[in-house]
Every structure is written in structure tokens, then in C-alpha cells.
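Here the structure is laid out as C-alpha cells; the discussion comes afterwards.
Order of listing sets the numbers, starting from 1, for every ligand and every atom in it. Numbers here simply count residues along the sequence, with the first being 1. Remember, it's a predicted structure, so these values are computed and weren't measured experimentally.
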Amino acid sequence: MSEFKLLVTGCKGRMGQAVISAAAAQGVPVGAGIDVGDSLSDALSKCSCTIDFSSHHFTNELLTESLRLGKSLVIGTTGHTDEELAQIKEASKTIPVVFASNFSVGVNTLFWLTRKAAELLGPDFDLEVVEMHHRMKKDSPSGTARTLVEILADVRGLDYDTDCRHGRFGDVGARTPKEIGVHALRGGDVVGDHTVVFANVGERVELTHKASSRDTFAGGAVRAARWLADKPAGLYDMQDVLGLK
Ligand code: NAD
């Protein structure tokens, strides 16, 4: 059997560089790295699994080539359109895919705690998600904030698209119970902060995670690629990798 090797897409970026370091730290060989303008098929044919932290505009090509060559895929890129999300789901019927808005153990614990808190606190608590990231981040809200809102919406039986409100500006009226707020702050070099606020009259619970290094995401992504090596086709997330389900 040929040696397990990683392809890193978006290899010149902040996360791509962190993944290359994390792979070295975990003793996983990187067979190739590509960035804008490089050939995907040549690089992919030499590798066993791709770790992708590039751009959602690249997702279609990456899925097509991964399907053609039968390679597994770890997707960390965020900001996908609904169409791209559907393409990821479809591809995972044929190849194994880990798709996670966040690869850190801490944030996946926050996902778990958020569900528990929403179930325990019940419908009287207003729900708000606040995130902050560095000034270069392109998508908003973050993929992690979106996952947090999706968890809250799932517990409340609400819909992400109709019940989630991005900010509150102008004369928007009083808050309704059927509303989840999401607020994105951008500035400086913040790696990633997320807070879920559960607010009732007279009391408030806040769950916060703060990432101070990209190494936590990169290490998790390499761990996910190793975990995926003997898995059948399917769509997995970091909760699967960490055994939290
Ligand atoms: P970045 O801008 O520093 O790096 C992205 C890299 O991808 C750049 O080098 C860019 O040239 C390259 N790229 C863009 N289009 C490409 C293409 N078509 N083919 C090949 N390479 C291409 O960004 P970043 O901070 O490293 O983040 C990358 C992505 O990862 C973003 O979507 C971000 O939101 C996401 N992210 C996810 C997690 C997570 O845990 N899931 C953590 C951090 C960042």
C-alpha cells in the first residue's frame, strides 16, 4: 500500500501554512501543496487525502477532481453558497468527507454545551451569537457562528434563513422570541472569538470560546485526515472525529 500523504490546498495562506506545520508535528507527510494557479490534478494524484483551507470558489473543482480520483477530503474552508453545500453533500455519497466549520476541541465542546444550555434554559431566553475575527477575514458571519446558530435553531425548531437576524440596525422594532441574532465584529489580528448569549429578564448566561492560535484548527484538521483514512464514504464533522456523538 502506498504511503499516506496529504495535499494541502491554499498552502500559502494562514491556515495552509499552519496545516503544513501541524502535519510535521504529527509525523504525517505532506505530498504536495497548491495555491492559486497551480494544477490540482497532478498534485492530487500523488496524495491520499486533501486538507482544504482555500476559498469556497475552489470547492467545485476540488470536489470534481477528488471524485474522479477517488480521494478523501477534509474541508475547513467556510462561506459556501447553498449550491456548494449541496455539492459537498452529494460528493460525500461517493468519497469520505470531513466538513467542519471549526476543527478545535474547544469549539466542538462549545457546540455541545450550546445545545445542552439551549435545551436546559428553554424558550424564555433570548438567543444572540457574537463573533470577532481579524480584519482580513472574507466571509461573515463566520462558519462557526453559523453552526452555533444552526444548533440553537434546531433546539428551538426555528429556521436559519428566516429566523436568524444579522445585526439590528434602524427602526427594527422590539425583539421577538422567534429570533436568533448574529453579530460579526472585524478587526486587528483576532484569530477567532465566539460567544453565545442566553438572556432572560433578571439573568443571563454567556458561553465563550477564544482561539489565540491557528494551530488548534490546523492540528484538528490533520487529526481529521488521519481519522478519515479507513472510513467509508460519508459526510462527517469534527464531532465524529472527536467521538462526541
Ligand atoms: P488566507 O486568505 O490566508 O488563505 C487562503 C489561501 O487560499 C490563499 O493563499 C489563497 O491564495 C488560496 N486560494 C484561494 N483560492 C484558491 C484556489 N482557487 N486554488 C488554490 N488556492 C486558493 O485565508 P485563511 O485565514 O487561511 O482561511 C482560509 C479559509 O479557511 C477561510 O474560508 C476561513 O474562513 C477558513 N477557516 C476555517 C477554520 C476551521 O477551523 N474550519 C479555521 C480558520 C479559517
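Using a 4.0 Å cut-off to heavy atoms of Gly10, the atoms of ligand 1 that qualify are 6 (C), 7 (O), 12 (C), 21 (N). Distances below 4.0 Å separate heavy atoms of Thr77 from the following atoms of ligand 1: 30 (O), 32 (O). Short contacts between ligand 1 and Asp139, defined as distances under 4.0 Å to a heavy atom of the residue, involve ligand atoms 34 (O). Less than 4.0 angstrom separates some heavy atom of Lys12 from each of these atoms of ligand 1: 9 (O). Against a heavy-atom cut-off of under 4.0 Å, Phe103 is close to the following atoms of ligand 1: 39 (C), 40 (O), 41 (N). Atoms of ligand 1 found under 4.0 Å from any heavy atom of Lys138 (numbered from 1 in listed order, with element): 2 (O). The atoms of ligand 1 that sit less than 4.0 Å from any heavy atom of Met15 are 26 (O), 43 (C), 44 (C). Per-residue contacts place Ala100 under 4.0 angstrom from the following atoms of ligand 1 (heavy atoms of the residue considered): 41 (N).
Protein heavy atom at the shortest distance from atom 33 (C) of ligand 1 is Thr78 OG1, 3.7 Å. Nearest protein heavy-atom contact of atom 35 (C) of ligand 1 is Gly76 O, 3.6 Å. In terms of protein heavy-atom proximity, atom 30 (O) of ligand 1 is nearest to Phe53 CD2, 3.4 Å.
In this comparison of Ile34, Asp35, Val36, Ile75, the heavy atom closest to atom 16 (C) of ligand 1 sits on Val36.
Judged purely by atom type and a 3.5 angstrom limit, Thr50 has no side-chain atom pairing as donor or acceptor with the backbone of Asp52. Proximity of a side-chain donor or acceptor of Asp38 to a complementary backbone N or O of Asp35 within less than 3.5 Å is detected.
Electrostatic pairing of Glu150 and Arg115 does not count as a salt bridge here, judged by no charged N lying under 4.0 Å from a carboxylate O. The pair Glu179-Arg168 counts as a salt bridge, with a side-chain nitrogen and a carboxylate oxygen less than 4.0 angstrom apart. For Lys231 and Asp240, the salt-bridge test fails: no basic side-chain N is under 4.0 Å from an acidic carboxylate O.
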For Ile180 and Glu128: C-alpha separation, side-chain torsions, deciding distance, then whether side-chain contact (heavy atoms from CB on, under 4.5 Å) applies. CA-CA 6 Å; Ile180 302 173; Glu128 299 280 315; over 6 Å; no
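The aromatic ring centres of His80 and Phe99 sit less than 6.0 Å apart.
For the side chain to side chain donor-acceptor pair (under 3.5 Å) test with Ser142, the passing option among Lys137, His194, His133 is His194; the others fail.
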